[in-house]
Amino acid sequence: MGVAGSGKSTVGIALARRLGVPFLDADDLHPPANIAKMAAGEPLDDEDRQPWLERVGGWLADHRDGGVVSCSALKRAYRDKLRAHCASARFLHLSGSADVIARRLAIRTAHFMPAALLRSQLDALEPLGADEAGVVVDIDRGVDAIVEGVLAGLRHGTRRG
């Protein structure tokens, strides 16, 4: 989980490979109306996200034995909806400064999510609660180091990876 440009897809793919499980980029499940709205520079609202979260939750339910999905899951309510489909879901919060993320977005090409929406995502972000299963990882390091941090955090039940 995390805002646009935090590395969800890149880290998710690397983590799934390391674990030997399937990977899904939740962006692939957005309805066309959501993609058009974001591409036009308009942030999604909770109503826009509901069918998308249902699709992501369905994928998680179908992969209870293992899978990695990259999904913004910015709010606790969104994560609760995903956990309603798969109670064993654990979240990896890819956390970083607005400056680091803005630099990443500035060089990203061929994605429907414009950098102009970063502020709306940062404003909406609700970090993992103390009662939510997961790990928080700083993104200001290489992918391999992030994956190692995630795996160590999951193995040892720590909140920071």
Engineer: I need the D62 CG to H85 NE2 distance, nearest 0.5 Å.
Structural biologist: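 With rounding to 0.5 Å, CG (D62) is 10.5 Å from NE2 (H85).
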Engineer: Can you check whether V3's main-chain N or O pairs, donor with acceptor, with K8's side chain at less than 3.5 Å?
Structural biologist: yes
Engineer: Are any non-hydrogen side-chain atoms of D45 and K37 less than 4.5 angstrom apart?
Structural biologist: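 Side-chain contact under 4.5 Å: yes.
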Engineer: Would you please test R90 and L154 for side chain to side chain contact (heavy atoms under 4.5 Å, CB included) and show each step?
Structural biologist: CA-CA 9 Å; R90 291 180 286 177; L154 292 174; 3.8 Å; yes
Engineer: Are S9 and D25 close enough, and set up right, to give a side-chain hydrogen bond (donor to acceptor under 3.5 Å, both in side chains), and what steps lead you there?
Structural biologist: CA-CA 6 Å; S9 297; D25 187 331; 2.7 Å; yes
Engineer: For G57 and L82, work out which heavy atoms get closest and say how close.
Structural biologist: N-CD2, 3.6 Å
Engineer: Tell me, please, which residues at least two apart from L24 pass side chain to side chain contact (heavy atoms under 4.5 Å, CB included).
Structural biologist: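 With sequence neighbours excluded, L24 shows a side chain to side chain contact (heavy atoms under 4.5 Å, CB included) to L29, W59, V69, given in chain and number order.
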Engineer: Given M1 and L94, is the side chain to side chain contact (heavy atoms under 4.5 Å, CB included) satisfied, shown in steps?
Structural biologist: CA-CA 6 Å; M1 64 169 274; L94 295 171; over 6 Å; no
Engineer: Side chain to side chain contact (heavy atoms under 4.5 Å, CB included) between I139 and S95: does it pass, once the steps are laid out?
Structural biologist: CA-CA 6 Å; I139 62 168; S95 179; 5.8 Å; no
Engineer: For G7, does its backbone N or O pair with a side-chain atom of T10 as donor and acceptor, under 3.5 Å?
Structural biologist: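 Pair absent, no side-chain N/O of T10 close to backbone of G7.
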Engineer: Could you give the distance from CG (L92) to CD1 (I146), rounded to the nearest 0.5 Å?
Structural biologist: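 If I round to the nearest 0.5 Å, the distance is 8.5 Å.
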Engineer: Between R141 and E148, is there a side-chain N and carboxylate O pair less than 4.0 Å apart?
Structural biologist: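 Not counted as a salt bridge, because no side-chain N and carboxylate O are separated by less than 4.0 Å.
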Engineer: Would you mind reporting whether H93 and V135 have side-chain heavy atoms less than 4.5 Å apart?
Structural biologist: no
Engineer: Locate the shortest heavy-atom distance separating L53 from Y78; write the atom from each residue and the value.
Structural biologist: CD1-CD2, 3.6 Å
Engineer: Out of curiosity, D27 CG to H30 NE2, how far, rounded to the nearest 0.5 Å?
Structural biologist: 5.0 Å
Engineer: Determine, stepwise, if the pair K81 / E54 fulfils side chain to side chain contact (heavy atoms under 4.5 Å, CB included).
Structural biologist: CA-CA 8 Å; K81 183 171 280 293; E54 288 297 324; 3.1 Å; yes
Engineer: Does any N or O in the side chain of R79 come within less than 3.5 Å of the main-chain N or O of A73, such that one atom is a donor and the other an acceptor?
Structural biologist: yes
Engineer: Is any side-chain heavy atom of L44 less than 4.5 Å from a side-chain heavy atom of M38?
Structural biologist: yes
Engineer: For A26 and V56, which heavy atoms make the closest approach, and how far apart are they?
Structural biologist: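 The answer is CB-CG2, 3.6 Å.
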Engineer: Any ion pair linking R76 and D131 (charged N to carboxylate O, less than 4.0 Å)?
Structural biologist: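 A salt bridge is present here (some side-chain N lies under 4.0 Å from a carboxylate O).
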Engineer: Please find the pair of heavy atoms, one from A14 and one from V147, that lie closest to each other, and give the distance.
Structural biologist: CB-CG2, 3.8 Å
Engineer: Under 4.0 Å between a Lys/Arg side-chain N and an Asp/Glu carboxylate O for E132 and R83?
Structural biologist: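 Judged by the 4.0 Å cut-off on N to carboxylate O distance, E132 and R83 do form a salt bridge.
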Engineer: Under a 3.5 Å distance rule, please check whether W52 uses its side chain to pair with a backbone N or O of N34 as donor and acceptor.
Structural biologist: no
Engineer: Tell me every residue that passes side chain to side chain contact (heavy atoms under 4.5 Å, CB included) with R17, counting only those two or more places apart in sequence or in another chain.
Structural biologist: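 R17 satisfies side chain to side chain contact (heavy atoms under 4.5 Å, CB included) with I13 once adjacent residues are dropped.
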Engineer: Can you check whether A124's main-chain N or O pairs, donor with acceptor, with K75's side chain at less than 3.5 Å?
Structural biologist: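 Between the backbone of A124 and the side chain of K75 there is no qualifying donor-acceptor contact (under 3.5 Å).
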Engineer: Once you round to the nearest 0.5 Å, how far does CG of L15 lie from OG of S70?
Structural biologist: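 Reported value, rounded in 0.5 Å steps: 11.0 Å.
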